[in-house]
Amino acid sequence: MDANTNARQVRQVRQARLARSHRRSAFCTIVPPHVLDKLSHAEDASLAEPARRTLEHDALQRTRRRITTVRGVPAARAAAPSDKPRRTLYDAQHRTSLPGRKVRGEGDQAGRDDSVNRAYDGLGATFELFLKAYGRRSIDDSGLPLNASVHYSEDYNNAFWDGEQMVFGDGDGEVFLDFTIPVDVMAHELTHGVTQYTANLEYFGQSGALNESMSDVFGSLVKQHVLGQSAEEADWLIGAGLLTDRVTGVALRSMKAPGTAYDDDVLGKDPQPGTMDDYVRTSRDNGGVHINSGIPNHAFYLAATALGGNAWERAGQIWYDVLTGGDLAFDAQFADFAQLTVAAAHARYGEGEEQAAVREAWAGVGITDLRAHVGAR
Ligand SMILES: [Zn+2]
């Protein structure tokens, strides 16, 4: 075993321990607070009220998350991680106590509730990408059961991963539709679970924006995998199909063209930058975690489209290697992450086009000056 391998193993063990001690995960919602805040000031009460209640709910959850640890990992852990997901769907019946009434278990036939069926399929699609593409067995790579509750609260305009399970609102029907509709939204939230069990990126500032970006990247890859789309064919949108016709916009975010997902009287304009020149310094949204994530998102898009073919293969593999490899610090900045992707491209593919594509992708968003791959660690 060489010194590098040894050092990496030590880091992985330390990281796993850190992840366990940080089980107090961030409260990650798909719709960021600044969007709901804007909406809550709409003159039309039918728009403002649900947004205000969602915002209040989420703020309370965020505070609670800071002062309490989440419940322990479910005890029913399989002895050997399986190649099959173990999904359980619950109906929260428009209340806020979780998980609610069990409505579908693994292998059960689809029922009449579309939200349940979509959530069941979305959990399966996410499990499948991580297994087929990266050999990962569920969120924790140890076969963690996947639990999800639908019909959470009333007119609830969000979806979240609470550290243990997925939760979906029905949307208010005015601005947002049912949150089980976009498969990438579901995969985004579950990827917060993967990050929680691996690099455990701190949910603040650039490391928080990287945490958000990981979820957008693998969220989009799950959708591309389901649709069998290449990098060229993909829409690279997050949350397409979630906004009602009433909104001037196509999705929550665009990895292809950050800042262009919506521009609406009520929702305002998509605030995402695509390059470091437009980096947003703000104290809102945990230091702009859902805003500046546009920068690493766009870097991934550039790398994936430069390489072509299926984005979950080479580009996705490189990003996955960095997320799970043990070298990514919990407080990593964009440049740290970028550096690691160049090293990971070289480690896996050698002196090929992959390394050059990754380096150029980061240069394309204004992150230059990365060290040569040799000895980059
Ligand atoms: Zn998120």
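Counting starts at 1 for both ligands and their atoms, following the listed order.
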Within 2.8 Å of the Zn ion (ligand 1), is there any N, O or S atom belonging to H188? yes
Please tabulate, for the side chains in residues 271-281, all donor-acceptor contacts under 3.5 angstrom to protein atoms that are two or more places apart in sequence or on a different chain.
| unit_1 | atom_1 | unit_2 | atom_2 | d |
| --- | --- | --- | --- | --- |
| Q272 | NE2 | H290 | O | 3.0 |
| Q272 | NE2 | I291 | O | 3.3 |
| Q272 | NE2 | S293 | OG | 3.0 |
| T275 | OG1 | D277 | N | 3.3 |

Answer key: the N, O or S atom of H192 nearest to the Zn ion (ligand 1) is NE2
Looking at E212, which of its N, O or S atoms is the nearest one to the Zn ion (ligand 1)? OE2
Distance alone, cut at 3.5 Å: any donor-acceptor contact between the side chains of Y320 and R136? yes
Starting from F204 and following side-chain heavy-atom contacts under 4.5 Å between hydrophobic residues (I, L, V, M, F, W, Y), which residues can be reached? none
Does any N, O or S atom of D216, backbone or side chain, fall under 2.8 Å from the Zn ion (ligand 1)? no
Side-chain heavy-atom pair L227, E233 within 4.5 angstrom cut-off: no
Closer than 2.8 Å to the Zn ion (ligand 1), do we get an N, O or S atom from C28, backbone or side chain? no
Do we see a donor-acceptor contact under 3.5 Å between the side chains of R52 and S40? no
